[in-house]
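Please read all numbers here as calculations on a predicted model, not as lab measurements.
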Number of protein chains: 2
Amino acid sequence: MILDNIPALAPQRRERLRQMLREGGVARVEDLRKSLDVSVATIRRDLEILEEQGKIRRVHGGAVSMESRLEEPVFENKTNLAAKDKQRIAEEAYSLIEPDEAIYLNGGSTTLFLARLLHNRTDLTVVTNSLQAAIELADSGPRVILIGGELRRISQTMVGPLTSAVLAQVHVDKAFMGTMGFCLKNGLTTTDPNEAYSNEIVAEQAGQVILLADSSKAEKVCFARFSDLDNIDLLITDQKLSPSYAKSLPKRGIKVIAV
Amino acid sequence: MILDNIPALAPQRRERLRQMLREGGVARVEDLRKSLDVSVATIRRDLEILEEQGKIRRVHGGAVSMESRLEEPVFENKTNLAAKDKQRIAEEAYSLIEPDEAIYLNGGSTTLFLARLLHNRTDLTVVTNSLQAAIELADSGPRVILIGGELRRISQTMVGPLTSAVLAQVHVDKAFMGTMGFCLKNGLTTTDPNEAYSNEIVAEQAGQVILLADSSKAEKVCFARFSDLDNIDLLITDQKLSPSYAKSLPKRGIKVIAV
DNA sequence: TTGAATTTGATCGATTTTGAACGAAATGCA
DNA sequence: TGCATTTCGTTCAAAATCGATCAAATTCAA
C-alpha cells in the first residue's frame with residue numbers, strides 16, 4: 001500500500017481514480033474517498049473532470065468507467081479457458097499465413113489475438129475494420145489498412161455503408177473472420193446488421209474465408225446474417241466441438257481444424 | 001550522498017530537474033526545492049522553461065514528466081510542444097462549432113487537442129483520418145467516422161488513395177486542419193504527399209476550412225502542398241504571429257483569430 | 001575594477017485547490 | 001404514497017500555490 005503523508009498531485013490522484021474505476025468497472029464515492037484519503041468534495045470534483053474527459057460516467061452514488069474494456073477480461077485472464085482456446089485458434093490461424101499475403105481481420109477477440117501475433121510480419125498487408133487491431137499494430141508490424149466507416153462503439157469496429165467504398169478497392173488472399181454464431185441452417189450471424197454488412201462483402205470477395213470460432217459459437221444464431229456456411233473454406237475451432245457436428249461440416253465443403 | 005555546496009549551473013540544474021521528474025513521473029515544487037536547495041521561484045522558472053520545451057507539464061503544486069521511461073514512441077508526438085498555445089487554439093476552434101454539425105479533423109497535435117474537447121458533444125459528427133483522434137473518441141462522444149486508408153505510422157493517420165473513397169461520400173460543414181507550414185506564396189504544405197492528398201480533397205469539399213496553426217508554422221514550407229492559402233476561410237493562431245504578417249492575411253480573404 | 005546584463009531570492013496580491021456546511025434531489029423502505 | 005436516509009451540487013472560507021515585481025547577488029565583458 002502507499003502511505004502519502006504528502007498529498008498527491010491532483011493529476012496523479014485523478015489517474016488513480018481512473019484506474020480504480022477501470023479495474024472495478026464501477027465504484028462508489030465513499031470507497032474512493034477512503035482509498036485516496038481526501039474529502040468527498042474533491043472526489044466529486046475529480047469525477048466531474050474525468051467525466052468531462054469522457055473517461056467515466058457519473059451515476060448516483062459513484063461512477064462507472066467508460067473506457068472500453070472489451071477484450072481486457074479475455075486478455076488479462078491468461079488462465080481463462082476461453083482465452084486459451086482463442087489463443088490456440090489464433091496460433092493455428094497464424095501458421096496458415098504465407099509470406100507477403102494480404103489478409104483481412106474483422107472485429108472480435110479471436111482475431112485480435114491473431115493481430116497480436118503479427119508484429120514481426122512486415123511482409124504482410126492487414127486489412128481490418130477493427131479499431132483495436134489497428135491500435136495493436138499501430139506501432140509496428142505489417143502494412144495496416146483500416147477500412148473507413150462509422151465507429152461502432154460497442155464492438156470498436158468500423159461499420160456501415162461507407163465501408164464498402166474501401167472494401168471494393170482491395171482484395172485479400174485470406175479473410176480471418178470471427179463471428180457471434182455459426183449454424184448449419186442459418187450460416188454466419190452477428191448481432192448488428194451494420195457489422196454484418198461489411199463482413200458479407202469481405203466473405204464474398206476474399207480468396208479464402210477462414211472462420212475463427214471457439215466451440216461455444218456452434219449453432220448459435222444471432223440477428224444479422226452475413227454469410228452462408230458454404231462460403232467458408234476452413235473452420236478453426238477448439239476440441240470441445242461435438243464430434244458428430246464436426247463431422248457434418250466437411251460434407252458441406254468446410255475443412256475443420258480443432259486445436 | 002549528494003553534496004553540492006557548489007551551486008549548480010542553471011542548465012545542469014534544469015537537467016537534474018528533468019531527470020528527477022522522469023524518474024518519479026511527478027514531483028511537487030516543494031520537494032524539488034529541497035532537493036536542489038534553491039528557492040521556489042527558481043524552481044518555478046526552471047519548470048516554466050522545461051514546459052516550453054515540452055519535457056514536462058506543469059500542474060498546480062508541481063509538475064508531471066512528459067517523457068516516458070519506456071522507449072520513445074515510434075510516431076512523432078508534438079503534443080507537448082507549445083501545448084498551451086495549441087490548447088487555446090483548440091478552445092477557440094471549439095467555440096465555432098455549432099450544434100449538429102459535421103466537422104473534419106486531420107492529423108496533428110492541435111486537432112487532437114480539439115478532439116479532446118468533444119466528449120460531451122454527442123450531437124456532432126466527426127470525420128477524421130487521425131487514428132489518435134478516433135482513439136480519443138472511441139469510448140464516448142460524437143459520432144466518429146474514420147476514413148479508410150493505409151496507416152502512416154509516423155503520423156498515425158490514414159492516408160493514400162483509398163481515403164478518397166470515403167471522402168467522396170461525405171460532406172462536412174467545417175474542416176479543422178492542422179498543417180506543417182503555411183505560407184503566402186506556397187500555401188499549405190506538409191511533409192508527406194499521401195497526407196497532402198487527403199487534406200487536399202477535404203479542403204476542396206468542406207463548407208468552411210479553418211486552419212489551426214500556431215505561429216511557428218508561419219512561412220514554413222514543406223515538401224507536399226495541399227492547398228492554396230485562398231482556400232482557407234479562417235486562421236486560428238497564437239499571438240506570437242508577427243502583426244505585419246497577421247495584417248497581410250485579411251487581404252487574401254483570410255480572417256485571423258489570434259488567441 | 002567597473003558597469004551592464006542576467007540570475008536569483010523574497011515579497012505580496014491573485015488564483016487555485018480543498019474541505020466543510022447546508023439545502024435540494026435522489027434513493028430505499030414501509 | 002410518504003418518510004427517512006443517502007447523495008448531490010453549491011457556496012464559502014481557509015490553505016496552498018502561483019505569477020508579477022523588485023532588489024540583491026552573480027556573471028560577463030570591457
Using nucleotides 12-14 of chain C, report all nitrogen or oxygen pairs with the protein that are shorter than 3.5 Å.
none

- Message: Can you see if the side chain of Arg58(A) gets near the phosphate of dG9(D) - specifically, an N or O under 4.0 Å from OP1 or OP2?
- Response: yes
- Query: Side-chain N or O of Ser39(A) less than 4.0 angstrom from OP1 or OP2 on dA20(C)?
  - Reply: no
- Is there a donor-acceptor contact under 3.5 Å from the side chain of Thr125(B) to the main chain of Ala102(B)? no
- Message: Between P on dT7(D) and CG on Leu32(A), what's the gap in Å once rounded to a whole number?
- Response: 12 Å
- Query: Glu30(B) CD to dA16(D) C1': how many Å, rounded?
  - Reply: 11 Å
- Glu67(A): which of Arg18(A), Arg57(A), Lys55(A) passes salt bridge (Lys or Arg N to Asp or Glu O under 4.0 Å): Arg18(A)
- Message: Given 3.5 Å as the limit, does a donor-acceptor pair link the side chain of Asp214(B) with the main chain of Lys86(B), or not?
- Response: no
- How long is the span from the OG1 atom in Thr157(A) to the CG atom in Asp192(A), to the nearest 0.5 Å? 7.5 Å
- Whole-Å distance, Arg33(A) CZ to dG19(C) P, equals 10 Å
- Between Thr190(B) (side chain) and Met180(B) (backbone), is there a donor-acceptor pair under 3.5 Å? no
- Query: NA contact type, Val40(A), heavy-atom cut-off 4.0 Å: base, sugar-phosphate, or nothing?
  - Reply: nothing
- Query: Any sub-3.5 Å donor-acceptor pair from Lys174(B)'s side-chain atoms to Glu101(B)'s backbone N or O?
  - Reply: no
- Between dT18(C) (C1') and His60(B) (NE2): distance, integer Å: 10 Å
- Task: Keeping the roles fixed (side chain from Arg153(B), backbone from Leu137(A)), state whether a donor-acceptor pair exists under 3.5 Å.
- Result: yes
- Query: Taking the side chain from Thr237(B) and the backbone from Ala213(B), do they hold a donor-acceptor pair closer than 3.5 Å?
  - Reply: yes
- Query: Between Glu30(A) and Arg33(A), does at least one N-O distance fall below 4.0 Å, as a salt bridge requires?
  - Reply: yes
- Task: Grab the CZ-P distance between Arg13(B) and dT6(C) for me, whole Å please.
- Result: 17 Å
- Spacing of Gln12(B) atom CD relative to dT27(D) atom P, expressed in whole Å: 13 Å
- Begin from the C-alpha positions of Lys255(B) and Asp233(B) and carry the test salt bridge (Lys or Arg N to Asp or Glu O under 4.0 Å) through to its verdict. CA-CA 6 Å; Lys255(B) 200 179 152 199; Asp233(B) 296 286; over 6 Å; no
- Query: dT6(D) phosphate, OP1 or OP2: any side-chain N/O from Arg28(A) under 4.0 angstrom?
  - Reply: no
- Among residues 43-55 of chain B, which contact DNA chain D at a heavy-atom distance under 4.0 Å? Arg44(B)
- Message: With each end axis built from five pairs of C1' atoms, what bend angle do you get for the helix from dT1(C)-dA30(D) to dA30(C)-dT1(D)? Round to 10°.
- Response: 40°
- Item | Expected output: side-chain Asn129(B) to main-chain Met158(B) donor-acceptor under 3.5 Å | yes
